[in-house]
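Step one of this worksheet: look at the structure below.
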Amino acid sequence: MPKFQDIQAAIIDLDGTMLNTAPDFLVAINRMRAEFSLPGLDIVTITNFVGKGSENLIHRVLSTDFEPAQVEQHFEQAMASYQKHYLAINGDYSTLYPDVIEGLQALKAQGLRLACVTNKPIAFTTPLLAKKGLNDFFEIVYGGDSLARKKPDPLPLLQVCLDFHLAPAKVVAIGDSSNDAKAARAAGCPVLTVPYGYNHGEAVQTIESDGIVETLLSAAQFLLSRKTLIISSSF
């Protein structure tokens, strides 16, 4: 696979890739909905709404009960309520997926530079990474509101490439959804996909990525195997 010949850095998604944060979304959203005297939503419904940023999330949550004009009418109040409740419980109900720490350690052991790029607002992202013991792995962290555009736009990935002074072909993106793959494709980065997470309710096999890896540790092992194969073939 020529795409993986000289990988020097990795851009890793957060929600659905490193952390199962759906339970946090469930609690915060249903506390917000209670303030509107609306019934709670189930975790499957909420999980299918996750991945395109908080604005999209709240629009979709409100759309389960309101017509478009009413959604816009209630949006600002709902967003403020959601942010209040999310900040209050951020990370309390979320858990690390298997082999995340081991995967990050293995990627670092290969000398790869790491960045976290997520569509979660940076005010939620930074304390969550710290709470889960992940922040020290990353040189760069961009949230969904850190730059002018978020994934699936390639801008955040291209910015990381600029920050690292690396060509996109040398920076692999690892994520769980079509947002990650579309951003990587547009940026010119190779992309690997994990089979769990929140791909908007769609099967991971529908994502146009360069491969499915079971865990972040599997991703590290795959990259190491490609590096070893390339070194061996050069002799």
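With hydrogens and angles ignored, the 3.5 Å screen pairs no side-chain donor or acceptor of K151 with any backbone N or O of P156. With hydrogens and angles ignored, the 3.5 Å screen pairs a side-chain donor or acceptor of D210 with a backbone N or O of V191. Distance alone, capped at 3.5 Å, is enough to place a donor-acceptor pair between the N199 side chain and the E202 backbone. Remark: side-chain polar atoms of T47 are not paired, donor with acceptor, to backbone N or O of A22 under 3.5 angstrom. When atom types are taken as modelled, the side chain of D180 and the backbone of S177 share a donor-acceptor pair closer than 3.5 angstrom. In terms of modelled atom types and a separation under 3.5 Å, the side chain of K132 and the main chain of M18 share no donor-acceptor contact. Side-chain atoms of D145 come within 3.5 Å of backbone N or O of I122 as a donor-acceptor pair. Without hydrogens or angle criteria, Y196 side chain to T17 main chain gives a donor-acceptor distance under 3.5 Å.
Between the side chains of D24 and T21, no donor-acceptor pair of N or O atoms lies under 3.5 Å. Side chain to side chain, Y142 and D163 meet the donor-acceptor criterion of an N or O pair below 3.5 Å.
C161 and V171 make their closest contact through SG-CG2, 3.9 Å (heavy atoms, listed as atom of the first residue, atom of the second, distance). Between A187 and P154, the shortest heavy-atom distance links the atoms N-CB, 3.6 Å. P23 approaches Y93 most closely through the heavy-atom pair CB-O, 3.4 Å. In terms of heavy atoms, S63 sits closest to V71 at OG-CG2, 3.7 Å. Here the closest non-hydrogen pair linking P190 and A184 is O-CB, 4.4 Å. Counting all heavy atoms, side chain and backbone alike, E35 lies closest to S81 at OE1-OG, 2.8 Å.
Taking 4.5 Å as the limit, some side-chain heavy atom of L134 sits within range of a side-chain heavy atom of I101. In this structure, V61 and R33 have side chains that are in contact, with non-hydrogen atoms separated by less than 4.5 Å. Side-chain contact check for L57 versus I29: some heavy-atom pair is nearer than 4.5 Å. Residues I12 and C116 have side chains not in contact (no heavy-atom distance under 4.5 Å, counting atoms from C-beta outward).
Within the 6.0 Å centre-distance limit, the rings of Y86 and F25 are counted as a close aromatic pair.
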One pair to check against side-chain hydrogen bond (donor to acceptor under 3.5 Å, both in side chains): N20 and Y198. What are the steps and the verdict?
CA-CA 9 Å; N20 178 15; Y198 316 134; 2.6 Å; yes

Could you give me the CA-CA distance, side-chain angles and deciding distance for F49 and T64, then say whether side-chain contact (heavy atoms from CB on, under 4.5 Å) is met?
CA-CA 11 Å; F49 291 167; T64 63; 3.8 Å; yes

L14 and V141: side-chain contact (heavy atoms from CB on, under 4.5 Å), yes or no, with the steps?
CA-CA 10 Å; L14 180 55; V141 177; over 6 Å; no

Assess the residue pair F137 and Q105 against the criterion (side-chain contact (heavy atoms from CB on, under 4.5 Å)); give the C-alpha distance rounded to whole Å, side-chain angles, the decisive distance to 0.1 Å, and a yes or no.
CA-CA 8 Å; F137 287 104; Q105 290 171 336; 3.8 Å; yes

Step by step, would you call L62 with E72 a side-chain contact (heavy atoms from CB on, under 4.5 Å)?
CA-CA 9 Å; L62 292 176; E72 295 308 319; over 6 Å; no

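No continuous path of ILVMFWY side-chain contacts below 4.5 Å connects L112 to L162, so the two sit in separate hydrophobic clusters. Hydrophobic clustering (ILVMFWY, side-chain heavy atoms < 4.5 Å, transitive): I140 and V100 are in distinct clusters. V194 and V204 fall into different hydrophobic clusters, defined by Ile, Leu, Val, Met, Phe, Trp and Tyr side-chain heavy atoms under 4.5 Å apart, directly or through other members. If you chain together hydrophobic residues whose side chains sit under 4.5 Å apart, L192 and F164 never meet in one group. Grouping the Ile, Leu, Val, Met, Phe, Trp and Tyr side chains by contacts below 4.5 angstrom, directly or via other members, places L223 apart from L166.
With rounding to the nearest 0.5 Å, the separation of CD in E102 from CG in L217 is 6.5 Å. Interatomic distance, T193 OG1 to I212 CD1, rounded to the nearest 0.5 Å: 6.5 Å. Remark: I7 CD1 to K170 NZ distance equals 9.5 Å, nearest 0.5 Å. Taking OG1 of T45 as the reference point, atom CZ of R60 lies at 10.0 Å (rounded to 0.5 Å). In this structure, T215 OG1 and I174 CD1 are separated by 10.0 Å, a value rounded to the nearest 0.5 Å. Rounding to the nearest 0.5 Å places CG of L19 at 5.0 Å from OG of S94.
Aromatic ring pairs are classed by plane angle as parallel below 30°, tilted from 30° to 60° and perpendicular above 60°; the pair H74 and F66 is tilted.
Annotation for E214: atom CD does not count as buried by contact number, only 12 or fewer foreign heavy atoms lying within 6.0 Å. Heavy-atom contacts from other residues, nucleotides or ligands closer than 6.0 Å to CD of Q70 number more than 12.
In summary, R226 and D6 do not engage in a salt bridge, as defined by a charged side-chain N under 4.0 Å from a carboxylate O.
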